[in-house]
Amino acid sequence: MKTTHIAFAVAALCLSAAAGAQTVMKISYSTSITSHYGVGSTAFCDEVEKGTQGRYKCQQFPNAALGGEREMIEAVQLGTQDLANVSTGALGNFVPEVKIVDIPFLFRDYAHARKVMDGEFGQDLLKKMTAKGIVGLAWTENGFRHMTNSKRAINQASDANGLKMRTMENKVHMEGYKTFGILPTPMAWPEVFTALQQGTVDGQENPIPVILSAKLSQVQKHLSLTNHVYSPAVLIVAPNIWNKLNDADKKVFSEAAKKGAAAQRKKVNDDEANGIAELKKDGMQVVEQVNGESFRKAVAPAYAGYAKEFGADKIAAIQNVK
Ligand code: PAF
């Protein structure tokens with residue numbers, strides 16, 4: 001009898017120790033769980049849970065349930081939230097060195113952008129985040145941004161002239177977009193659908209996966225494949241989580257982040273390949289052959305300002321990656 005009691009007590013102790021050893025981490029992102037951010041975050045979380053034998057797992061907060069990207073980054077910095085998968089839109093306000101990657105028409109295509117972000121330049125940028133109280137695990141992806149609006153088809157830069165467009169809270173974007181004649185209206189993402197619905201702004205710009213998952217076809221008639229800027233994204237973790245990981249667990253997190261990034265980029269590719277047909281089916285009028293040269297020509301004068309802020313050599317170094 002006594003032995004049975006002792007056995008039960010030992011088993012209960014073991015169970016509670018195991019339960020106590022589990023850390024549930026909050027991860028948030030702006031779009032749905034089935035979107036590119038959801039696919040990438042789920043792949044990361046599954047790998048972390050598997051690699052740590054369930055000692056670490058995630059609770060996911062999609063659809064900006066914990067606030068916009070600025071709030072998410074702030075919360076990770078403060079340690080009140082554990083993880084976030086965010087674009088660089090607001091990140092430059094925390095880590096100024098990041099701003100350079102938001103220059104319009106800096107990257108030629110996906111292959112170029114991914115090579116830069118995964119190469120020495122991008123990896124150095126991830127390290128710069130540590131000094132600002134943010135641990136950057138891997139570059140995920142939001143995608144090349146395109147313009148939507150409720151007024152007219154945009155075939156060339158002059159068609160964008162005078163449109164009131166919601167932009168991210170990002171000065172590098174805003175300076176560039178002004179050269180297209182757009183009236184940039186910075187706004188946090190959670191407010192955008194209502195602003196478009198109520199006509200507070202005429203349009204917005206985002207990659208296909210965002211336009212699809214946010215169902216912007218319900219509130220925007222025109223889509224133009226302007227590809228005017230690449231929107232990188234990053235998986236970040238709070239230092240109070242990272243610093244208590246042992247070396248083996250750090251490796252699990254880093255490898256999981258790479259797998260998450262690969263899954264997220266694959267979803268971006270899939271949405272780029274299939275999403276336009278879907279948006280047309282939903283009633284959007286799509287300009288696929290935009291005059292890109294007219295946009296590049298319009299933005300050229302802004303490059304003098306970018307060169308002053310970031311260094312012409314640094315911009316050229318990114319552009320010259322083949
Ligand atoms: O437009 C934005 O704010 C971003 O692209 C979004 C939708 C939050 C995804 O990172």
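Note that the coordinates shown come from a computational prediction; the quantities given were computed from them, not determined experimentally. In each ligand, atom 1 is the first atom listed, and ligand 1 is the first ligand listed. The analysis underlying the following values was restricted to heavy atoms, covering all of them including side chains, and did not include hydrogens, waters or symmetry mates.
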Q) Heavy atoms under 4.0 Å from ligand 1: which residues qualify? A) Ser30, Tyr37, Glu69, Ser87, Asn142, Arg145, Arg166, Met168, Trp189, Asn206, Val210
Q: Applying side-chain hydrogen bond (donor to acceptor under 3.5 Å, both in side chains), name anything that partners Ser231, two or more places apart in sequence or on another chain.
A: Asn142, Arg145
Q) Taking all atoms of both residues into account, what is the closest heavy-atom pair of Ile241 and Phe253, and its distance? A) CG2-CE2, 4.3 Å
Q: Name the orientation class of the two ring planes belonging to Tyr303 and Tyr306 (parallel below 30°, tilted from 30 to 60°, perpendicular beyond 60°).
A: perpendicular
Q.
The criterion is side-chain hydrogen bond (donor to acceptor under 3.5 Å, both in side chains); which residues satisfy it with Glu272, sequence neighbours excluded?
A. Tyr110
Q) Do Gln204 and Trp189 have side chains that get closer than 4.5 Å, going by heavy atoms? A) yes
Q: Output every pair passing side-chain hydrogen bond (donor to acceptor under 3.5 Å, both in side chains) with a member in residues 57-80, not counting sequence neighbours, ordered by first then second residue.
A: Tyr29-Gln60, Thr42-Gln60, Glu69-Ser87
